[in-house]
Every structure is written in C-alpha cells, then in structure tokens.
Amino acid sequence: MLELGAVHEPIATLLAGKLEEVAVIFERQLASDLSAVNELCTHIESYRGKMLRPTLVLLSGLAAAGEPCDGAVLTNKHLTVAAVAEMIHMATLVHDDVLDEAEMRRRGATVNILWGNEAAVMLGDYLISNAFHLCSTIGDPSINLLLGQVTNTLCEGELVQLRHRDNYGLDEATYLQIIRRKTATLIGVCCRLGGALANAGEVQTQALERFGLALGTAFQLQDDLLDLTGDAEVVGKSLGRDLDKGKLTLPVIHHLASVDSVERGRALRLIEQRDAAGLQRRLMESGAVDRASEAAAELIAEAKRELPRLPAGPARDMMRHIADAVIDRSY
Ligand code: FPP
Ligand code: MG
C-alpha cells in the first residue's frame, strides 16, 4: 500500500482493515479446486503492492460521505468493486509483462518468465473473466457496463500504443491519450464508483472521476519516468522496457521536439541503438526529464483542485496526501 503516514491515523487503520477484507474477497474469487490454477493465483497475490485502485474506491466512498469518518458508509459493494478493480489491474499487468517481455515485477519473477507466455496469457484471461464474474455478483448491471467500458478503453490504449511503436514523431497529445486510456480511466472509474456507492450526487461523482483521471495520468507519467531513470532494485520491476519496445514517453517526446536537428539526430541514434544510459544522460541534461516531472506535478495540482467539491474531513485529506505520494515515489 502507499505510505499513508502516522498523521492520517485512525483512517489509515480503518482502510488497512477494509483492504484486508478486499484481499479475502479477491482470494476467495480466484480459488480453484485445481492446484495448477491455485499455484498461479498465489503468485499473483504477491503482486499486490500499492493497492492504489482498491484504496481509491474505499477512500472516495469515505470522502463523499464526510464526517463522521467511521467506515459505516462502506458496504459490501464497495469491497467487491475494490476487489474487481484490483483483479482487472492484475489481469492487465500479467498481459503487459508478456507484451513487454518483462522479467521482474514486485521484486519477483514475472508469470511469463516462471511459466511461459501461454500460461501468462491464460492467467490474464482467467483474471479478467473472474473480475467480471465477481462484479456480476453485485447485481447492478450499471457497474458491469461501466467497468466493461473501462476494459474496452484500456485495450484501445494498448492498441494505439502498439500502433505507434517506433514512431519517432509521436506527439504529446497522442501520448497523453494513450496513458489516459491504458491507466487513468480505470483509476477515474474507481473514484467515481466509490463515491456513487456512497450515494454521492452527480457533482461529486464527476469531481471524483476527474480527480482519478488526473491522478492516474500523473501516475503513468511517473511510471514512465521511473522506467527511464529509476533503479530496478528500488522500483522492483524490469526497467527500460519502454525504450526496448519502441514506446516513446514524455521526456523523449519533449527532448525530440525541443532540440536542434544535430541533437535530434544524436538522440534518435541512441533510441535506435536502445542505449538507455546514453539517452537518459541527454534527457537529464536537456531538462526534458524535469519538464516531464513538472507535467506530472501539474496533473496532481489539477487533481487536487477537485477536492474542495467534497466535504472536508480526514478522507479528503488523505486523498490529497495520496495524490502527492503518486509523484513523490521512487518505486
Ligand atoms: C502498464 O504499462 C500497462 C497498462 C496499465 C495496461 C496494460 C493493458 C493490457 C496489456 C491489455 C490487457 C487487457 C485486459 C483486459 C486483460 P507499462 O508497461 O508502462 O507499466 P509497467 O511499468 O508496470 O510494466
Ligand atoms: Mg510494462
């Protein structure tokens, strides 16, 4: 889970307890009578790290309800939606590691490395199928519809990203559209659903969704920065995958758009040679890394501007804290 800090007690304790209940729902849903399936699912459980999406479902419910922040507003529907969101997220990670040929996630070997691509594709399918099976138990087709739309959007983001592989002319707007679709939409809907299930009105659910969208976009921007400049031991996953897979991310886009033709030629050669260290040096020197960090910070400021639409209280304060933590992280 994200570092929530001692200042946020007792809501941090309340959330930690609820997240444990979410984990039980998650594990119960995936449990099979077949040990071959259970072995893979147990591995997936070790992937659970920040629990950002379930946290935001719960926190959005708490924030929409305001004081007293005692958790009474959180129903079983919140817990189930939180588990569904995490399962969708896990499915996408397992498939993403196949596409990226990644070897490490959450400090351990990826499913594709341990059991091969075929098993990873099938496990991702098993997770996404179970996510919608679990979602259907809520008995509210509007939630299935919304989350189905999210997974459509997420796949579209990945498809557009694939289409632009090795496109050295990729512009900022297209990059932002890709990361909004592949990452931010799910986070936005987590916030929206958390609020809606706490009977928030339209103004608040829209504010929550915008909060999640801006935060989710910043999250992926930071993820892309870490892929370029992070330390694999600290981040806990394979880095340099974007360059290896010909995915241009914001620092590279900024650099190529702002330098003269000689430097552009040099940078393009580094990209073609997949020279991560050389490229990183140039992007640091030109200020392109700093500019991308500033863009992430601006998105977090945008997210936080939505918060005054929610009642004041510890849950709203914690949402502000989480927004800051999304870009202030090295893992
Ligand atoms: C992370 O990108 C990738 C995503 C957020 C989305 C991946 C989605 C798919 C592969 C589509 C699968 C769809 C379903 C419905 C199962 P990244 O590689 O930048 O993140 P990373 O650094 O964590 O690997
Ligand atoms: Mg990846």
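We count ligands from 1, going down the list as the structure has it; atoms in each ligand are counted the same way.
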field: Atom name, Asp100 (N, O or S, nearest to the Mg ion (ligand 2))
entry: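 Asp100's closest N, O or S atom to the Mg ion (ligand 2) is named OD2.
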Taking atom types as modelled, is there a side-chain donor on [X] or [Y] under 3.5 Å from an acceptor on the other?
{"X": "Glu39", "Y": "Ser35", "value": "no"}
{"X": "Tyr175", "Y": "Asp224", "value": "yes"}
{"X": "Ser293", "Y": "Asp290", "value": "no"}
{"X": "His255", "Y": "Glu263", "value": "yes"}

Only heavy atoms of [X], strictly under 4.0 Å: list the atoms of ligand 1 that pass.
{"X": "Lys247", "value": "18 (O)"}
{"X": "Leu154", "value": "8 (C)"}
{"X": "Arg105", "value": "21 (P), 23 (O), 24 (O)"}
{"X": "Thr183", "value": "5 (C)"}
{"X": "Leu99", "value": "10 (C)"}

query: With a distance cut-off below 6.0 Å to the six-membered ring centre and an angular limit of 45° from the axis, does Arg329 pair with Phe219 as a cation-pi contact?
result: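 Flagged: Arg329 positioned over aromatic ring of Phe219.
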Protein heavy-atom partner closest to [atom] - residue, atom, separation in Å:
{"atom": "atom 20 (O) of ligand 1", "result": "Asp223 OD2, 3.4 Å"}
{"atom": "atom 23 (O) of ligand 1", "result": "Lys237 NZ, 2.8 Å"}
{"atom": "atom 15 (C) of ligand 1", "result": "Ile128 CD1, 3.6 Å"}
{"atom": "atom 14 (C) of ligand 1", "result": "Thr92 CG2, 4.1 Å"}
{"atom": "atom 13 (C) of ligand 1", "result": "Cys155 SG, 3.7 Å"}
{"atom": "atom 8 (C) of ligand 1", "result": "Glu158 CG, 3.3 Å"}
{"atom": "atom 19 (O) of ligand 1", "result": "Gln220 NE2, 3.0 Å"}

With a 4.0 Å cut-off on heavy atoms, does [X] reach ligand 1?
{"X": "Asp100", "result": "yes"}
{"X": "Lys182", "result": "yes"}
{"X": "His89", "result": "no"}
{"X": "Gly124", "result": "no"}

- request: Determine, for Asp227 against Arg241, whether the closest basic-nitrogen to carboxylate-oxygen distance falls under 4.0 angstrom.
  value: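 No.
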message: Looking at Glu233 and Arg107, is any side-chain nitrogen of the basic one under 4.0 Å from a carboxylate oxygen of the acidic one?
response: no
query: Measuring to the Mg ion (ligand 2), does Asp96 have an N/O/S atom at a distance below 2.8 Å?
result: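 A backbone or side-chain N, O or S atom of Asp96 is under 2.8 Å from the Mg ion (ligand 2).
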- prompt: Below 2.8 Å, any N, O or S contact between Asp242 and the Mg ion (ligand 2)?
  reply: no
Flag side-chain contact, heavy atom, 4.5 Å: Leu114 against Val111: no
message: Take a 6.0 Å sphere around CD of Glu27 and say whether it holds more than 12 heavy atoms from other residues, nucleotides or ligands.
response: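 Counting neighbours around CD of Glu27, more than 12 heavy atoms of other residues, nucleotides or ligands fall under 6.0 Å, so yes.
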Within 6.0 angstrom of Arg274 CZ, more than 12 heavy atoms from elsewhere: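 Result for CZ/Arg274: enclosed.
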Tyr126/Leu30 under side chain to side chain contact (heavy atoms under 4.5 Å, CB included): CA gap, chis, key distance, verdict: CA-CA 9 Å; Tyr126 184 70; Leu30 295 181; 4.1 Å; yes
message: So, regarding His95 and ligand 1 (criterion: nitrogen or oxygen to nitrogen or oxygen, under 3.5 Å), is there a contact or not?
response: no
task: Report yes if some N/O of Asp96 lies less than 3.5 Å from some N/O of ligand 1; otherwise report no.
output: yes
- prompt: How many angstroms lie between CG in Leu52 and CD1 in Ile322, if you round to the nearest 0.5 Å?
  reply: 7.0 Å
- request: Give me the one residue out of Leu225, Leu221, Ile179 that meets side chain to side chain contact (heavy atoms under 4.5 Å, CB included) with Leu250.
  value: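 When side chain to side chain contact (heavy atoms under 4.5 Å, CB included) is applied between Leu250 and each of Leu225, Leu221, Ile179, only Leu221 qualifies.
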